[in-house]
Undergrad: 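Handing you a structure now.
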Amino acid sequence: MTQKEFDKIKTNLSHLSHEIMEGKRPEYTNESLDVLQNFKNTAEKLNISPLKVWSVFFDKQLQSIFTHTCNASLKKSETIESRFCDVINYCYLGYALFLERDNEKKNN
């Protein structure tokens with residue numbers, strides 16, 4: 001694969017991951033202005049931290065990719081492209097949760 005081909009893939013995944021995040025945000029946040037609300041709501045219900053919730057959700061995405069790595073003929077409920085986009089988005093969300101947690105610790 002050439003650098004040009006790879007750059008095109010990166011650009012496409014970046015664009016698609018942004019579209020996916022924007023499209024899913026109202027549902028996952030229940031239209032809250034807090035983009036991390038989904039993790040916080042689930043954390044409160046389960047009495048665990050939002051980062052632990054994020055870890056479980058992130059792992060689900062990775063497990064799907066790993067499953068398809070081992071079995072190329074397995075039927076896909078979502079495209080592999082969308083799975084990778086979700087992983088990219090979960091990286092952003094996870095990083096934001098870490099930053100928020102660290103900022104809260106500094107302020108307390």
Side-chain angles (χ1 to χ4, degrees):
M1 176 177 294
T2 67
Q3 184 66 47
K4 186 175 181 177
E5 291 168 325
F6 182 73
D7 288 343
K8 185 176 179 180
I9 290 170
K10 283 190 335 185
T11 299
N12 289 340
L13 274 178
S14 178
H15 179 71
L16 183 57
S17 66
H18 178 76
E19 284 182 355
I20 288 170
M21 183 176 283
E22 294 302 312
K24 289 182 177 182
R25 182 173 292 145
E27 181 180 353
Y28 284 124
T29 63
N30 199 20
E31 298 185 1
S32 170
L33 295 177
D34 184 351
V35 298
L36 304 173
Q37 193 61 46
N38 184 37
F39 303 105
K40 294 172 184 177
N41 286 343
T42 303
E44 188 175 330
K45 289 175 193 170
L46 299 175
N47 197 32
I48 60 176
S49 74
L51 273 168
K52 286 184 181 178
V53 173
W54 170 85
S55 297
V56 171
F57 291 178
F58 183 62
D59 186 61
K60 174 185 159 276
Q61 298 300 326
L62 293 176
Q63 286 301 317
S64 176
I65 292 171
F66 294 155
T67 299
H68 290 287
T69 299
C70 298
N71 185 352
S73 62
L74 186 65
K75 182 181 176 196
K76 295 172 182 66
S77 62
E78 293 182 37
T79 66
I80 200 69
E81 179 183 49
S82 73
R83 292 289 186 184
F84 275 97
C85 288
D86 284 338
V87 166
I88 291 167
N89 289 333
Y90 274 99
C91 286
Y92 292 134
L93 293 164
Y95 181 63
L97 281 165
F98 271 96
L99 290 177
E100 187 173 80
R101 182 194 65 185
D102 292 347
N103 286 336
E104 287 173 359
K105 282 183 179 180
K106 286 180 190 176
N107 294 328
N108 288 331

Undergrad: Do S64 and Q61 get their side chains close enough for a donor-acceptor pair, meaning under 3.5 Å?
TA: no
Undergrad: Tell me, which pairs form a salt bridge (charged side-chain N to carboxylate O under 4.0 Å, His left out) where one or both residues lie in residues 39-53, sequence neighbours left out?
TA: D34-K40, K40-E100
Undergrad: Can you name the salt bridge (charged side-chain N to carboxylate O under 4.0 Å, His left out) partners of D102, sequence neighbours left out?
TA: none
Undergrad: Could you tell me whether the side chain of S14 and the main chain of K10 form a donor-acceptor pair under 3.5 Å?
TA: no
Undergrad: With the 4.5 Å side-chain cut-off for hydrophobic clustering, are L62 and Y95 part of the same group?
TA: no
Undergrad: Taking atom CZ of F84 as the centre, report whether more than 12 heavy atoms of other residues, nucleotides or ligands fall under 6.0 Å from it.
TA: no
Undergrad: Less than 4.5 Å apart, any side-chain heavy atom of N30 and any of Q37?
TA: no
Undergrad: Could you give the distance from CD (E31) to CZ (R25), rounded to the nearest 0.5 Å?
TA: 12.5 Å
Undergrad: Side-chain donor-acceptor pairs under 3.5 Å in residues 85-94, sequence neighbours left out?
TA:
{"from": "D86", "atom 1": "OD1", "to": "K24", "atom 2": "NZ", "distance (Å)": "3.3"}
{"from": "N89", "atom 1": "ND2", "to": "S17", "atom 2": "O", "distance (Å)": "2.9"}
{"from": "N89", "atom 1": "ND2", "to": "C85", "atom 2": "O", "distance (Å)": "3.4"}

Undergrad: For D7, does its backbone N or O pair with a side-chain atom of T11 as donor and acceptor, under 3.5 Å?
TA: yes
Undergrad: Can you check whether K106 reaches R101 side chain to side chain, under 4.5 Å on heavy atoms?
TA: no
Undergrad: Counting only heavy atoms not in E5, do more than 12 fall under 6.0 Å of its CD?
TA: yes
Undergrad: Search all heavy atoms of S49 against all heavy atoms of A43 and return the closest pair with its distance.
TA: C-CB, 3.6 Å
Undergrad: Measure the shortest side-chain to side-chain distance between I20 and S82 over non-hydrogen atoms and say whether it is less than 4.5 angstrom.
TA: yes
Undergrad: Would you say M21 ends up clustered with V35 if hydrophobic residues are merged whenever their side chains have heavy atoms under 4.5 Å apart, either directly or through other cluster members?
TA: yes
Undergrad: Do the side-chain N and O atoms of S73 and N71 include a donor-acceptor pair separated by under 3.5 angstrom?
TA: yes
Undergrad: Between CZ of F58 and CG of L97, what distance do you get to the nearest 0.5 Å?
TA: 12.5 Å
Undergrad: Do the side chains of L13 and F6 join up, straight or via other hydrophobic residues, at under 4.5 Å, putting them in one cluster?
TA: yes
Undergrad: How far apart are the C-alpha atoms of L51 and F39, what are their side-chain angles, what is the distance that settles it, and do they pass the side chain to side chain contact (heavy atoms under 4.5 Å, CB included) test?
TA: CA-CA 7 Å; L51 273 168; F39 303 105; over 6 Å; no
Undergrad: Under the 3.5 angstrom rule, does the side chain of N107 hit a backbone N or O of N103 as a donor-acceptor pair?
TA: yes
Undergrad: For side chain to side chain contact (heavy atoms under 4.5 Å, CB included), just list the numbers for M1 and I9, CA-CA rounded to whole Å, side-chain angles, deciding distance to a tenth of an Å, and then say yes or no.
TA: CA-CA 11 Å; M1 176 177 294; I9 290 170; 3.5 Å; yes
Undergrad: Might you point out which heavy atoms bring Y28 and N38 nearest each other, and give the distance in Å?
TA: O-CB, 3.0 Å
Undergrad: Is there a path of hydrophobic side-chain contacts, each under 4.5 Å between heavy atoms of I/L/V/M/F/W/Y residues, joining V56 to I48?
TA: yes
